[in-house]
Protein chains: 2
Amino acid sequence: MSNRITSQDVADLAGVSRTTVSFVLNDEKRFAIRPETAEKVRAAAKQLGYFPNASARALASNQTKNIGLIITRAPRYISSDPFLPQILGGLLDALKQNSQGLLLEWVEPGQQLQTYLELTRAHHIDGLILMTPRLDDPGLKALEETDIPVVLMGYIPGSSLHSVDVDNLAAAETAVSHLIELGHRCIACITNAALPYTSATQRLDGYKLALQKAGIVFNPELVREADFDIQSGYREMKSLLAEGQEFTAVFVASDNVALGVYSALSEVGLSIPDDVSVVGFDDIPLSSYIKPALTTVRMPAREIAQQSYHLLMRLMKRDFPDKREVMLPTNLVLRQSTCSLISL
Amino acid sequence: MSNRITSQDVADLAGVSRTTVSFVLNDEKRFAIRPETAEKVRAAAKQLGYFPNASARALASNQTKNIGLIITRAPRYISSDPFLPQILGGLLDALKQNSQGLLLEWVEPGQQLQTYLELTRAHHIDGLILMTPRLDDPGLKALEETDIPVVLMGYIPGSSLHSVDVDNLAAAETAVSHLIELGHRCIACITNAALPYTSATQRLDGYKLALQKAGIVFNPELVREADFDIQSGYREMKSLLAEGQEFTAVFVASDNVALGVYSALSEVGLSIPDDVSVVGFDDIPLSSYIKPALTTVRMPAREIAQQSYHLLMRLMKRDFPDKREVMLPTNLVLRQSTCSLISL
DNA sequence: CCTCGTGATTAACACGCGTTAGTTATATTA
DNA sequence: TAATATAACTAACGCGTGTTAATCACGAGG
């Protein structure tokens, strides 16, 4: 039934050996092949509809032509992430040009080590990108010692792994400083994720730093942890309001979470930006379309994906860059969700 | 350098043959193995950190343990799709339970045939799911004849491929009928995508059918084609307004596109639902959080993913269901974006 | 005329695993 | 006791490719 066509079939039809077929189709320049012979082989391959078997090729050449993208979250947190498609878009685009494939995987916190080992040792992939790594990931050490290249999309202090990220701390500080310049003194903060995710910690630190530079005392009561989705933003803002915390502005470290914040605020009749100013983080496509348009930190998502890929490709060629970290620039996009306390 | 551990190493350490190792680790029940021997093997494997090489296993067993998900769009249309993560979430969840991998791929319209052939003939995957297929896809015939199982996420009339979908036509008709019941007679329609995507055509047909049943004459001037993203919704609504078309309601066949419609309407000072009622399609997580909350057709995204997967698994076991199509139910979720023309 | 390269091609091995057919050693039966 | 069955294991082949080392023809050089 399974009438698979092998390189032997091509060789037979072209009247040459299997070796020659291999040389021609991989255009191996170290060996001289007569142009007419090459043409005969190519014609035979096309006529038969021959495609070299991926597994056999991977086994022989020790290259799977697949790279892995690991998401360090459970599926229910993946489902509502508007940031993921942007990363995927950028990655898929870059991959196709090198005719490589993308193997998508997720790990639940707690299961990391086993997954990493299986994925690397079994050699499903030639290299891997780890999205939003966690500080408390017990599998990272294993990744440092593995023999396939790894790129972190995000930063882990003290890790020897290469990484691509933005300066979350500086970006958050800029965002919060903007609120302070507008005259706000009571500024709440809702993180993008749980604190073991370094991006969450760094953005929170940026918030603290901005306060400190302005001489504002940090109030832990004004800080809440969300986790990726809209609902968590809604929940945490509700909780702030329910406790009667006083604030005139919020720094929400994720646009998606900020959408929940919008909803919670409007539900109790507070207007943005007149009653509460909001600054987000990510600049997802939606942010400029909602009302009021969200002032936010622009994350260069597509570029993060592409840079991660290019870095990974360099590592796969054993071409190690002198710097471990690639830092991409962000910028604060001013829109309509913030207003000044002073000039009013 | 690459000190890979093979099953031979495990065999040596355990003092048995490689065959025995294979039997134990795949717990092959057709052959009797003494429990103590099995334990010895397992201990050796664990001690060495052995993981069977994926390519070798795939080559020998003719099973890659990967399934492919193909998205029939260019990356820029993938980047802003809030529906995709839901599908991915559902799929990844199901896959992990069978320790299978997900190979993600996109095809640009025009390149389909080559991609399908390469993916199936080269046997990168054991089966594939094709997301949002296009009527004009010249590669579909090739997929019908391929020897690996294929499931369409969406429906192609006349195709012999198995599919999982909702009844787009009926769902759209229900949505539009709801607007008609509220007294609307001038109802615009903005599609979710270009018409070669069957979901777009079917939803448009549902719109037409509802009008027809109510005795409202179909006006092509009120119909626009969007393509997946927010911006296209904004653009098409602007175009409707610029041409001075008269309408009191819009049926937008995608929630994401509807977000752009919201933006365009608010920009010209039209209020939802007082000036224009809006009904969407998909029920993405955001839809219940925006203001006004969007009345929409609920797509069971997670279930579509899981059913597609289960169907694919059945096909892979040569267990062919009697029905080619799996139809999942939708329901209209009533929220605040529509209002009656009559009772006001 | 024989050697010696050189351009063109191929035989043969390796990759790491699954699996069939076969081989022992031990227990069962007539 | 000899024939037979059964439990426990293994030798050896095949999967389809990449690649090294070897082969062959053939004209140039001595």
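The sequence lines fix the lettering, A, B, ..., with proteins before strands; numbering per chain opens at 1. The basis for the numbers below is simple: all heavy atoms, side chains too, and nothing from hydrogens, waters or symmetry mates.
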Could you pull out all residues at least two apart from F320(B) that satisfy ring pair (Phe, Tyr, Trp, His ring centres under 6.0 Å)? none
More than 12 heavy atoms of other residues, nucleotides or ligands under 6.0 Å from [atom1] of [X]: yes or no?
X: E144(A); atom1: CD; result: yes
X: E39(A); atom1: CD; result: yes
X: R76(A); atom1: CZ; result: no

How long is the line joining [atom1] of [X] and [atom2] of [N], in whole Å?
X: R18(A); N: dT17(D); atom1: CZ; atom2: C1'; answer: 6 Å
X: E28(A); N: dG18(D); atom1: CD; atom2: C1'; answer: 9 Å
X: Q63(B); N: dC15(D); atom1: CD; atom2: P; answer: 17 Å
X: E36(B); N: dA7(D); atom1: CD; atom2: C1'; answer: 13 Å
X: F31(B); N: dA11(D); atom1: CZ; atom2: C1'; answer: 13 Å
X: K29(A); N: dT19(D); atom1: NZ; atom2: P; answer: 14 Å
X: F23(A); N: dT20(D); atom1: CZ; atom2: C1'; answer: 8 Å
X: F51(A); N: dT17(D); atom1: CZ; atom2: C1'; answer: 16 Å

What I want to check is whether the side chains of T20(B) and S17(B) have a donor and an acceptor closer together than 3.5 Å. yes
Would you say the side chains of Y309(B) and Q97(B) form a donor-acceptor pair under 3.5 Å? no
Over all strands shown, is [X] touching base, sugar-phosphate only, or nothing at heavy-atom distances under 4.0 angstrom?
X: S7(B); value: sugar-phosphate
X: T6(B); value: sugar-phosphate
X: L59(B); value: base
X: T20(B); value: base

Go nucleotide by nucleotide along DNA chain D from the 5' end; which of S17(B) and T19(A) gets its closest nucleotide reached first? S17(B)
Between F51(B) and A122(A), the two heavy atoms sitting closest are CB-N, 4.1 Å
Which residue lies toward the 5' end of DNA chain C, R30(B) or S55(B), if each is placed at its nearest nucleotide? S55(B)
Rounded to the nearest 0.5 Å, how far does CE of M316(A) lie from CG of D126(A)? 4.5 Å
Interatomic distance, L152(A) atom CG to T72(A) atom OG1 [nearest 0.5 angstrom]: 10.0 Å
As a check of understanding: the bend across the helix from dC1(C)-dG30(D) to dA30(C)-dT1(D), end axes from five pairs, rounded to 10 degrees, works out to 70°
Need two values: the first and the last nucleotide of DNA chain C, 5' to 3', having an atom under 4.0 Å from any heavy-atom of chain A. dA8(C) to dG16(C)
Do the ring planes of F228(A) and Y77(A) sit parallel (below 30°), tilted (30 to 60°) or perpendicular (above 60°)? tilted
Side-chain N or O of T37(B) less than 4.0 angstrom from OP1 or OP2 on dC9(D)? yes
State whether R34(B) places a side-chain N or O below 4.0 Å from either non-bridging phosphate oxygen (OP1 or OP2) of dC9(D). yes
